[in-house]
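The chain is numbered in sequence order, starting from 1.
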Amino acid sequence: MILRPISRFKSTYGAAFGSPRSSYLLFETLISSGYGSLAAENLRRVEVSPTLERYAPPDGNPVKGPSNLNSLLFELSQNNLNQEALKTFVRIQKSHASADSSTFSCILKVCSSLSDDVLGKQVHACVFKCGWEIDVSVGTALVDLYMKSGNVEDGRQAFDEMPERNVVSWTTLLTGYTQNGLAHLVLGLFFEMQIEGIKPNPFTFSSVLTAAAAQGAIDVGTQAHAQIIKLGHQSTVFVCNSLMNMYWKSGCFEEAKAVFDSMEYKDSVSCNVMIAGFVQNGFDKEGLQLFHQMRIAGMKLTQLIFATAIKLCANLKELNFGRQLHCFVIKNGFGIDINIRTTLMLAYSKCGEMDCALNLFFRMSGVENVVSWTALISGCIQNGEVEEAANLFCQMRRERVSPNDYTYSTILTACPVISPFQIHAQAIKTNYSESLSVATALMSAYLKFGSGHEASSIFKQLNVKDIVAWSAMLAGFAQAKDSEGAVKLLKEMVKDGILPNEFTLSSVINACTSPMASVEQGKQLHASSIKSGFDKAICVGSALVTMYAKRGNIQSAHEVFKRQMEKDLVAWNSMITGYAQHGYGKKALEIYSQMEKEGLDMDGITFIGVITACTHAGLVDEGEKYFSSMVKSHLIKPTMEHYACMVDLYSRAGKLQEAMELITEMPFPAGGTVWRTLLGACRVHRNLQLGKLAADKLIMLDPQDSAAYVLLSNIYAAEGKWEERGKVRKLMAERKVKKEAGYSWIEIRNKTHSFLASDRSHPLTDKIYLKLEDLAIQLKDAGYKPDTTFVLHDVEEEQKVAMLSQHSERLAIAFGLLVTPQGAQLQIVKNLRVCGDCHTVIKLISKIEGREIVVRDSNRFHHFKEAVCSCGDYW
């Protein structure tokens with residue numbers, strides 16, 4: 001086929017074959033036969049001639065005018081032979097041959113294709129010299145050249161200097177603005193164009209819809225849609241594709257689907273836009289269904305569609321189908337494409353198949369780029385292989401692959417394995433520290449690292465702060481449980497003109513879970529979420545459930561939980577844990593049973609809540625059953641926290657031997673939490689021998705942990721071994737270990753009042769102690785007898801009774817009874833465990849005063865009402 005036009009040419013021109021004139025004629029023959037590359041090769045062999053006018057057609061007459069030259073340029077540019085086109089243009093200029101507007105518009109398009117701004121300006125000078133800048137086609141080509149090279153100002157100037165503009169000129173300008181990230185200016189220009197009486201064409205609408213999609217300007221997009229229908233362009237495929245893209249990016253699922261369904265003809269781009277829209281908006285199953293329909297219909301599957309389909313497999317964790325697609329792309333010749341390979345790597349890593357992802361990566365053999373490196377690093381982090389991710393990042397730097405902003409943002413999530421200080425230094429060196437995404441990731445990393453000052457410094461230096469940056473900083477306050485700081489920052493954000501979204505609100509609500517946070521502040525945030533409509537958002541609902549549960553209002557937590565249309569795992573776990581901590585073990589297990597019936601996936605936190613519920617309710621057999629189910633049925637590997645819960649379950653039930661056996665059977669050495677739990681149980685059950693062992697282990701792990709010394713000294717005191725107790729206290733003094741002071745606090749009218757044992761610093765101290773004396777009389781009448789075994793000091797019995805009566809929680813309750821209306825609920829928080837005697841007293845006070853008293857100690861919530869506690873006296 002290739003030789004046929006050459007043979008025909010030889011037979012026609014015989015001896016003339018090989019001359020400049022014949023070479024030109026051969027070039028035209030090859031071009032017309034579709035052999036552009038061979039034509040270019042032939043042209044390169046032509047001897048340099050002072051003028052192309054001597055390349056005459058077969059009749060021997062010289063070429064008159066530039067029409068043949070323009071045809072030559074057009075053929076070269078259309079066949080992407082841009083360098084040959086430039087050489088031809090230079091020959092035209094050197095030979096002083098005629099060049100018209102078509103010549104200049106063609107060569108300017110060639111400059112645009114080559115992104116050669118310097119050469120483009122030289123051609124512009126020639127245009128100006130020859131006086132062709134007033135021509136519409138030349139002016140439009142100039143606008144296109146400057147816009148594609150990123151020189152928006154010169155492009156706009158060329159447009160403004162055009163004495164006459166048509167729809168192509170306007171469309172070129174609009175497209176240029178969109179491509180240069182100035183979509184916000186496109187919409188105004190679109191209306192200005194119509195005021196001038198220029199009717200948009202399909203390409204104009206495509207540009208406008210792209211700009212509307214980038215801006216989220218759904219109102220402008222729908223107006224453009226109406227005009228498209230009015231002008232009869234709704235059957236144009238690429239316009240419909242742009243419409244679907246605009247609707248998808250605006251979150252309008254029904255509208256995008258309606259456009260797709262109305263299309264008589266759909267190309268592969270149409271289907272890919274729809275599938276990509278499904279992916280972006282979380283309709284993964286629908287996207288996969290459309291992909292299957294394309295295959296059944298026999299539609300040509302492009303490289304881009306395969307990439308999108310593989311993303312669907314990653315999102316749905318459809319590993320088997322992902323492998324089938326892997327075979328498809330290899331069979332269709334797309335397997336060598338780096339973008340396909342990168343997408344496959346992401347799919348394998350999301351499905352937990354890191355070996356496959358690594359194998360794909362290292363088979364790229366030198367074609368790895370920053371995107372593939374970043375994808376692999378991200379996959380390692382998602383699969384918990386943080387150290388491997390750190391090693392890959394270092395290897396990437398050694399191989400001189402420069403990270404981009406997404407690489408830095410990704411690796412920063414690997415903190416604290418990688419120090420944010422190191423990454424920050426590299427980001428500054430490579431000028432990425434000013435990137436908003438990198439700055440936001442740095443803030444989050446510093447906050448996780450406990451360096452709030454550095455995070456705050458970065459935040460203050462940001463010239464432009466988007467909602468993500470504000471949310472990251474608010475999440476830091478939530479992590480630190482600083483509700484005041486979070487609320488203050490939220491007010492600053494609104495003042496700065498940024499409206500909170502559901503993620504921002506959920507962060508602030510999470511900050512209000514702190515015991516020191518204002519209860520009323522949390523309620524106000526709940527009201528704000530209802531007002532803004534974000535209370536229906538999953539993350540906000542889950543945050544509210546957690547906040548109410550941790551602030552002692554389990555009823556409100558359950559009401560929010562019931563109203564949630566959609567519940568994520570956080571909401572379910574919060575409800576289970578909340579009921580467990582409030583002493584409603586059976587209700588917690590009912591929630592778990594509901595999860596099982598609905599077939600929901602569970603995680604380790606779910607079972608921590610379930611076992612805790614069994615612990616607080618004394619359900620040892622049930623706790624063992626759920627622990628076994630977690631390991632065998634749900635295939636969840638037990639962590640240190642799970643074992644600590646099981647040790648607590650046995651210990652509270654007095655089964656200290658079973659607890660010790662479990663500790664010895666653990667697959668890793670017991671941590672401080674496990675030994676502290678056992679030691680606390682030894683204190684309750686007065687097991688001195690096992691308590692000494694647990695204390696020694698705890699002190700060995702953390703010599704500065706005051707709990708080990710205090711609990712051991714308390715065990716000695718309970719046994720009346722004051723000498724041994726004294727030795728432990730002396731050891732504390734020598735090692736400068738300070739015991740945490742026990743204090744309680746109560747919130748009244750958004751103000752927190754704190755009390756220590758025997759505290760006399762409060763302005764109402766006299767009235768508080770008078771109230772305690774009054775209560776003491778009523779308690780005695782109710783049959784109360786002080787249990788002085790809870791006073792762990794070697795003092796007289798009378799003094800022990802006095803010390804008990806002045807515990808911090810009793811002072812807080814007396815104050816609350818004085819300043820709140822009769823019958824109002826009291827909420828007290830204590831940083832240590834409530835002693836047994838105070839527990840008895842508070843039960844009686846709840847009946848004497850006719851109040852519900854909620855006490856949150858270091859272990860759980862106690863709801864006292866009518867002389868009964870929700871813990872059933874088991875805590």
Asks: Supply the atom-to-atom distance N501 CG to S532 OG, rounded to the nearest 0.5 angstrom.
Replies: 10.0 Å
Asks: Mind checking what makes ring-ring contact (aromatic ring centres under 6.0 Å, His included) contact with W248, not counting sequence neighbours?
Replies: F253, F278
Asks: Of all the heavy-atom pairs spanning A347 and A314, show the shortest one and how long it is.
Replies: CA-CB, 3.5 Å
Asks: Kindly write out the residues that satisfy side-chain hydrogen bond (donor to acceptor under 3.5 Å, both in side chains) with D466, not counting sequence neighbours, or none if the list is empty.
Replies: none
Asks: Distance only, no hydrogens: is a donor on one side chain within 3.5 Å (strictly under) of an acceptor on the other, for T172 and T140?
Replies: no
Asks: Flag yes if more than 12 heavy atoms outside K257 fall under 6.0 Å of its NZ atom; otherwise flag no.
Replies: no
Asks: Is the number of heavy atoms from other residues, nucleotides or ligands under 6.0 Å of F503 CZ greater than 12?
Replies: no
Asks: Who are the side-chain hydrogen bond (donor to acceptor under 3.5 Å, both in side chains) partners of T374, not counting sequence neighbours?
Replies: T407
Asks: Between S372 and T342, does a side-chain hydrogen bond (donor to acceptor under 3.5 Å, both in side chains) hold up when you go through it step by step?
Replies: CA-CA 5 Å; S372 57; T342 302; 4.8 Å; no
Asks: Provide the full list of side chain to side chain donor-acceptor pair (under 3.5 Å) pairs with a residue in residues 283-298, sequence neighbours left out, each pair given once.
Replies: D284-N315
Asks: Might you confirm whether atom CZ of F534 has over 12 heavy atoms from other residues, nucleotides or ligands at distances under 6.0 Å?
Replies: yes
Asks: Which pairs pass side chain to side chain donor-acceptor pair (under 3.5 Å) with one or both residues in residues 430-439, sequence neighbours excluded?
Replies: Y408-T430, S435-S437
Asks: Do you know the tightest heavy-atom contact between L312 and G287?
Replies: CD1-C, 3.5 Å
Asks: For the residue pair T504 and M493, establish whether any side-chain heavy-atom pair is separated by less than 4.5 Å.
Replies: yes
Asks: Distance from L325 atom CG to I305 atom CD1, nearest 0.5 Å?
Replies: 12.0 Å
Asks: Do L344 and V329 have side chains that get closer than 4.5 Å, going by heavy atoms?
Replies: yes
Asks: With sequence neighbours left out, write down each residue that passes side chain to side chain contact (heavy atoms under 4.5 Å, CB included) with S242, or none if nothing qualifies.
Replies: S206, L209
Asks: Strictly by side chain to side chain donor-acceptor pair (under 3.5 Å), give each pair with a member in residues 225-235 just once, sequence neighbours left out.
Replies: Q194-Q227, H225-Y247
Asks: Go through the structure and list residues passing salt bridge (Lys or Arg N to Asp or Glu O under 4.0 Å) with E196, not counting sequence neighbours.
Replies: R165
Asks: Quick check: do S402 and V370 have side-chain heavy atoms less than 4.5 Å from each other?
Replies: no
Asks: Given the rule in the side-chain contact (heavy atoms from CB on, under 4.5 Å) test, do T204 and V167 qualify, once you have shown the distances and angles that lead to the verdict?
Replies: CA-CA 8 Å; T204 316; V167 66; 3.6 Å; yes
Asks: Measure the spacing between CG of N404 and OG of S409 and express it to the nearest 0.5 Å.
Replies: 8.5 Å
Asks: Let me confirm one number: the CD1-CD1 distance from I498 to I467, rounded to the nearest 0.5 Å.
Replies: 6.5 Å
Asks: Can you measure from OG1 (T210) to CZ (F205) and round to the nearest 0.5 angstrom?
Replies: 13.0 Å
Asks: Of all heavy-atom pairs between A256 and M274, which one has the smallest distance, and what is that distance?
Replies: O-SD, 4.0 Å
Asks: K311: which residues meet the salt bridge (Lys or Arg N to Asp or Glu O under 4.0 Å) condition with it, sequence neighbours left out?
Replies: none
Asks: For the rings on F459 and W470, is their centre-to-centre separation under 6.0 Å?
Replies: yes
Asks: I'd like to know if the side chain of N201 and the backbone of F203 have a donor-acceptor N/O pair within less than 3.5 Å.
Replies: yes
Asks: Identify the two heavy atoms, one from M162 and one from S169, that lie closest to each other, and give their separation to 0.1 Å.
Replies: CE-OG, 3.4 Å
Asks: Considering only residues two or more places apart or on different chains, which pairs with a residue in residues 268-280 satisfy side chain to side chain donor-acceptor pair (under 3.5 Å)?
Replies: N241-S270, D267-S270, N272-T308
Asks: Check M246 against A212 and note the closest heavy-atom contact, atom names and distance.
Replies: CG-CB, 4.1 Å
Asks: For A439 and I458, which heavy atoms make the closest approach, and how far apart are they?
Replies: O-CG2, 3.8 Å
Asks: Rounded to the nearest 0.5 Å, how far does CG of L243 lie from CD1 of I228?
Replies: 4.0 Å
Asks: Can I get a per-line list of side-chain donor-acceptor pairs under 3.5 Å for residues 176-189, giving both atom names and the distance, sequence neighbours left out?
Replies:
| from | atom 1 | to | atom 2 | distance (Å) |
| --- | --- | --- | --- | --- |
| Y177 | OH | R156 | NH1 | 3.3 |
| T178 | OG1 | L174 | O | 3.0 |
| N180 | ND2 | M147 | O | 3.0 |
| N180 | ND2 | G176 | O | 2.7 |

Asks: Who pairs with F260 by ring-ring contact (aromatic ring centres under 6.0 Å, His included), at least two apart in sequence or on another chain?
Replies: none
